[in-house]
Amino acid sequence: MKTKLFTVVGLLLSGMSFAQLQISASGGDAIGSAEIKLGEKVSTTTTENSYGSYGEGVNFQLRGTYFFNEHFGADLGFGYLHGADQTVSEVNLPNLELDAIARARAYGASLSMVYRFSNNIYGRFGALIKVGGKTEAVVNQKSVFSAAEATALNLPEGSYSDTHYVEDFHGKFPLGFVGALGYKFDVSSNISLFAEAEYYGISLKRKDSELVEFNTNIVLPDGTVAVEGYYTLDNLPAGYSKETTYVDELPNDNTDPSRKLAQKVPYSSFGINIGITYTFKTASKKQ
């Protein structure tokens with residue numbers, strides 16, 4: 001029994017003698033992965049699908065890594081994604097021009113296992129979650145009034161409405177996968193530079209959304225604003241709701257704009273990160 005106890009204590013002390021802590025900061029750029037159809041581009045002659053992933057964009061990360069021995073360690077990371085614009089709807093018709101894009105502004109965290117293949121090459125894999133942020137939709141629409149509408153509003157023919165609004169979407173708590181393979185180069189005993197290829201596999205199911213900006217102006221054919229703020233957040237047109245809840249089921253006769261069917265959208269990506277690591281001195285076992 002004593003022999004087993006001494007063996008366990010010896011292994012623990014051996015691990016403690018190597019215990020190594022690192023902190024890293026990095027930035028990177030990623031392209032979308034597992035892309036789905038996000039919308040359409042419509043013109044007078046064609047309709048084209050628009051595909052994408054909200055994981056595309058620039059990211060910044062801070063990570064702390066604790067190595068138990070020469071090869072194995074645990075990594076805790078926090079990051080921010082400044083997503084690229086994704087086309088949700090683009091319409092170019094004689095009486096309607098619409099430009100709707102959406103982009104991620106998200107904060108995430110990861111917990112991974114790290115394995116060092118050598119002093120320079122390493123890999124890590126683990127779990128990824130989104131802890132905050134939003135998907136921001138920005139919409140601009142120009143809609144020319146019909147002759148009847150212009151007459152009813154006492155406007156000259158060719159007048160139009162000019163609408164701009166911003167809607168923030170929030171999702172339910174997601175769980176995904178992160179994996180990376182990297183190479184580090186030692187600059188000194190404590191500082192090293194690294195480059196890595198990283199994959200994120202994660203999707204987000206929408207929970208709710210909120211209109212944070214909304215404005216419609218009535219504009220004359222020559223570009224003069226006839227009525228400013230015809231519609232605002234406090235006076236929304238029919239079919240719009242300041243807050244929307246997303247659910248899995250709705251009755252066929254639903255007319256409530258504040259309740260819509262939920263969607264699951266991808267945040268998956270594949271990217272390259274470049275960063276710097278500071279390694280604290282290895283703990284030394286007392287003699």
Side-chain angles (χ1 to χ4, degrees), residues 38-42 50 52 54 57 80-93 95-107 130-146 148-156 158-173 204-251 253-265 267:
L38 297 178
E40 295 179 345
K41 300 178 180 179
V42 180
S50 176
Y54 293 111
Y80 171 72
L81 170 65
H82 191 83
D85 291 354
Q86 304 295 323
T87 299
V88 176
S89 183
E90 183 180 301
V91 180
N92 289 287
L93 298 175
N95 294 323
L96 177 64
E97 295 179 10
L98 174 64
D99 179 31
I101 58 95
R103 57 212 178 189
R105 299 291 186 263
Y107 298 90
K130 180 173 176 283
V131 296
K134 61 188 178 183
T135 302
E136 179 185 63
V138 181
V139 181
N140 292 285
Q141 177 178 303
K142 175 184 175 182
S143 180
V144 179
F145 293 116
S146 65
E149 290 172 330
T151 300
L153 292 169
N154 196 28
L155 295 170
S159 299
Y160 57 91
S161 64
D162 187 11
T163 299
H164 167 82
Y165 69 86
V166 177
E167 187 170 11
D168 290 345
F169 294 85
H170 307 102
K172 295 184 177 180
F173 184 84
L204 189 65
K205 187 176 182 180
R206 285 180 177 164
K207 180 180 67 173
D208 57 56
S209 65
E210 180 183 7
L211 286 171
V212 294
E213 294 179 27
F214 196 101
N215 185 76
T216 296
N217 293 334
I218 304 299
V219 186
L220 300 180
D222 63 1
T224 302
V225 177
V227 182
E228 188 171 349
Y230 186 77
Y231 290 120
T232 65
L233 275 178
D234 298 321
N235 175 36
L236 293 171
Y240 290 88
S241 176
K242 189 172 182 179
E243 296 182 348
T244 303
T245 301
Y246 295 87
V247 297
D248 289 327
E249 184 177 353
L250 283 174
D253 59 353
N254 176 66
T255 58
D256 182 0
S258 69
R259 292 175 65 80
K260 295 180 180 179
L261 288 175
Q263 293 178 295
K264 201 169 188 179
V265 294
Y267 271 72

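Fair warning: this is a prediction, and the values are worked out from it, not measured in the lab.
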Quick one: pull up [atom1] in [X] and [atom2] in [Y] and give me the separation to the nearest 0.5 Å.
X	Y	atom1	atom2	result
R103	L81	CZ	CG	12.5 Å
S209	D168	OG	CG	8.5 Å
S89	I101	OG	CD1	12.0 Å
S143	L93	OG	CG	10.5 Å
E97	D99	CD	CG	10.0 Å
F214	N235	CZ	CG	9.5 Å

[X] to [Y] - nearest heavy-atom pair and separation:
X	Y	answer
A106	K130	CB-CE, 3.7 Å
G239	P257	O-CB, 3.7 Å
Y246	L261	CD2-O, 3.5 Å
Y267	K134	OH-O, 4.1 Å
V247	R259	CG1-NH2, 3.4 Å

Got a sec: does the [atom1] of [X] have more than 12 other heavy atoms crowding it under 6.0 Å?
X	atom1	answer
Y80	OH	yes
E210	CD	yes
N154	CG	no

Close side-chain approach of [X] and [Y], heavy atoms under 4.5 Å:
X	Y	result
P156	L220	yes
H82	R105	yes
L96	Q141	yes
L236	Y165	no
K205	D248	yes

Matching residue for L98 among V88, N140, V139 - test: side chain to side chain contact (heavy atoms under 4.5 Å, CB included):
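When V88, N140, V139 are each tested with L98, the side chain to side chain contact (heavy atoms under 4.5 Å, CB included) holds only for V139.
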Can a donor-acceptor pair be found, under 3.5 Å and without considering hydrogens, that links the side chain of [X] to the backbone of [Y]?
X	Y	answer
S241	T244	no
S50	T87	yes
N217	V219	no

Modelled atom types, side-chain donor and acceptor of H164 and N215, under 3.5 Å:
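No, no side-chain donor-acceptor pair sits under 3.5 Å.
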Taking the six-membered ring for Trp and the full ring for Phe, Tyr or His, determine whether the centres of Y231 and Y240 are under 6.0 Å apart.
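Centroid separation for Y231 and Y240: 6.0 Å or greater.
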Step by step, would you call D222 with T224 a side-chain hydrogen bond (donor to acceptor under 3.5 Å, both in side chains)?
CA-CA 6 Å; D222 63 1; T224 302; 3.0 Å; yes
